[in-house]
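To keep things clear, I will list the structure first and then write my remarks on it.
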Amino acid sequence: MDESTPHDKGFQGFPGISRRRFIAGTSSIVGAVALAGRAAAAPAIDGGAHVPALVVGTGYGGSVAALRLAQAGVDVHMIEMGMAWDTPGPDGKIFANTTKPDYRSYWLRTRTKAPISNFLGFPLDKDVPRHTGILDAEEMGGIIVYQGRGVGGGSLVNGGMAVTPRRENFAAVLPSVDAEEMYRTYYPRANAGLGVSTVDPAWFETAECYQYARVGRKHAQRSGFPFVFVPDVYDWDYMEQEAAGTVPKSALAGEILYGNNAGKKSLQKTYLAQAAATGRVTVSPLHRVTSVAPAPAGGYTVAMEQLATDGAVTAVKSVTADRVFFAAGSVGTSKLLVRLKATGVLPGLNDEIGKGWGENGNVMCGRANHMWDPTGKLQSSIPCSGIDNWAAGGAFAEIAPLPTGIETYASFYLSITKNPNRAQFSWNAATGRVELNWQTAWKQPSVDMARTIFDKINAKEGTVYRTDLFGTNRVWGDHLTYHPLGGAVLNRATDNYGRLHGHPGLYVIDGALIPGNTSVNPFVTITALAERNIEKIIATDL
Ligand code: FAE
């Protein structure tokens, strides 16, 4: 790839981030990846063990915490309810293809629950064997929350879109955090650690697999909306080789939602590989933390269940830890903390626990193009661009693929909107479950904001919305989120660095800290905030 092309001057719409700087900044970690490969599977934790630091969950927050603690000389054990994802299935591949979901695809479901449920009038969902698969479609009352399950958390299933919020929007994202420090130190550190870069715009112009994005750009620009390239953690050189037919196809074979067999730099290949290379980090997959309680002799007693791949509990274990980092994701961390507070196990937690949850304003829609505007039957599963109407209309829309393998004449979008509604987790003693009070109707502001873009484009192009993707006669995918955020909000449920109130040595370090919206895709912000917080915690608490 030519490093001196004009796109080097900056990611359009994401000031201060140049492609060349990223590549320079990531060369060491990419080298480490090549050497270390995936984070090694470790022997499971023994009941009765004592560990200095225990991390619940292996997503972005957990991986940052584990790496930085280990580099500071602390031994870390990570507990992950999902599988290790290091062993190929009968087809020789670790992950199933998006178009052929199988036992690997869903977390303990007997039928798939695809975000796009229908196509041309036909339902797409099918029966699958119940298994500890990679994607959890967790039904929380008024919303389905999609989450990754396994070592690497959401990085296993997501689109890899690695977006730094515009600086002017940051105060609304994390009001108590020093923006100057974040943009100077922690966003660059996170982007380097994650291996973020953008598509080569020259290649983009001719790549068959991005025709859908070029059509999306044309329509956006003809209606006067800013089109932006969006950084990603996919290895763009690998994708160019996929297109040239010289390596096995992954993004160009439609792999994304149920895992990616090559090309995408998931946490297994970046932070977790580096963490494993320190020799101080071990991981117990298929272990689900059920309780964290003050231990009589100091520190915390952590109870957990070991799972078989059919979800059966095969062992119950209890260990002690000096410090516990909650990194089970917004929903996982919130559910644990709400229950532990309500049942008196962690009585010192404050009344902010469970509050401030949002879905990052996610809403999906498709548009039906004219026959002279084909979007291409070969579509890269990795999005690389978006439409930024945040300032004027409260919506940032990623131009998403619809990798069906046939020409659909459809443009598809996942919008992130400024939805102001926030929900709360609470304990239902009668059912023994934590519930979320999100209402489907609370998505209406998101729909209205997305319409600021797509009503105008449809009017200009003389096109209409697709009504066949989320059921019959339904335009909006307003029943789901990919981006759960909040539930243990920074500077409210915790102090300004994620220390939980009332229980020294307990920390939150994941998306639960962020109050419901990041204005763009969230994982770079989750990673950068974790980098900021763990640096402070290591400097002052250890
Ligand atoms: P997360 O990555 O969810 O990790 C939490 C981990 O904890 C998981 O591995 C859980 O299995 C584990 N866990 C939960 N409860 C327990 C327990 N009790 N005991 C043990 N382990 C437990 O948390 N974001 C972007 O920025 N760009 C994208 O392109 C993008 N695309 C997405 C596409 C899809 C389909 C999905 C589902 C999400 C997408 N996201 C995207 C969101 C992103 O993956 C998500 O914000 C982060 O993964 C959240 O990071 P956390 O560290 O909070």
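Numbering starts at 1 and runs along the sequence shown. Each ligand, and each atom within it, is numbered from 1 in the order the structure gives.
Neither the backbone nor the side chain of Met304 comes within 4.0 Å of ligand 1, counting heavy atoms alone. For Pro383, no heavy-atom contact with ligand 1 is shorter than 4.0 Å. Of all the heavy atoms of Val56, the ones lying under 4.0 Å from any atom of ligand 1 belong exclusively to the side chain.
When only non-hydrogen protein atoms are considered, atom 35 (C) of ligand 1 lies nearest to Leu257 CD1, 3.5 Å. The protein non-hydrogen atom at the shortest distance from atom 10 (C) of ligand 1 is Arg149 NH1, 3.2 Å. Protein heavy atom nearest atom 46 (O) of ligand 1, with residue, atom name and distance: Pro522 CG, 3.4 Å. Closest to atom 53 (O) of ligand 1, if we only count protein heavy atoms, is Gly511 N, 2.8 Å. The protein non-hydrogen atom at the shortest distance from atom 31 (N) of ligand 1 is Asn158 CB, 3.1 Å. The protein atom (non-hydrogen) at minimum distance from atom 25 (C) of ligand 1 is Phe523 CD2, 3.0 Å. At the shortest separation from atom 12 (C) of ligand 1 among protein heavy atoms lies Glu80 OE1, 3.4 Å. Closest to atom 4 (O) of ligand 1 among all protein heavy atoms lies Gly59 CA, 3.3 Å.
When ring centroids are compared, Phe229 and Phe204 come within the 6.0 Å threshold. For an aromatic pair to be called close, the ring centres must be under 6.0 Å apart, and Phe95 with Tyr258 fails this. Between Phe470 and Trp476, the distance from one ring center to the other does not fall under 6.0 angstrom.
Ligand 1 has a nitrogen or oxygen under 3.5 angstrom from a nitrogen or oxygen of Met161. Remark: ligand 1 and Tyr60 share an N or O pair separated by less than 3.5 Å (distance only, no angle test). Checked by distance only, ligand 1 and Gly159 come closer than 3.5 Å through their nitrogen or oxygen atoms. In terms of polar-atom proximity, Val289 is counted as a contact of ligand 1, with an N or O under 3.5 Å from an N or O of the ligand. Ligand 1 has an N or O atom lying under 3.5 Å from an N or O atom of Gly150, backbone or side chain.
The aromatic rings of Tyr300 and His503 sit perpendicular, their planes meeting at an angle over 60°, well past the 30° parallel limit. Between Tyr183 and Tyr187, the two ring planes are tilted [angle within 30° to 60°]. In this pair, Trp438 and Trp357 present their aromatic rings perpendicular. The plane angle is above 60°, beyond the 30 to 60° band.
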Please lay out, stage by stage, how Phe396 and Ile387 fare under the test side-chain contact (heavy atoms from CB on, under 4.5 Å). CA-CA 6 Å; Phe396 172 87; Ile387 302 168; over 6 Å; no
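Ion pairing of Glu535 with Arg189 is present here, as a side-chain N (NZ or NE/NH1/NH2) and a carboxylate O approach within less than 4.0 Å.
Each of Arg149, Lys113, Arg109 was evaluated against Glu138; a single residue qualifies, Arg149, per the salt bridge (Lys or Arg N to Asp or Glu O under 4.0 Å) test.
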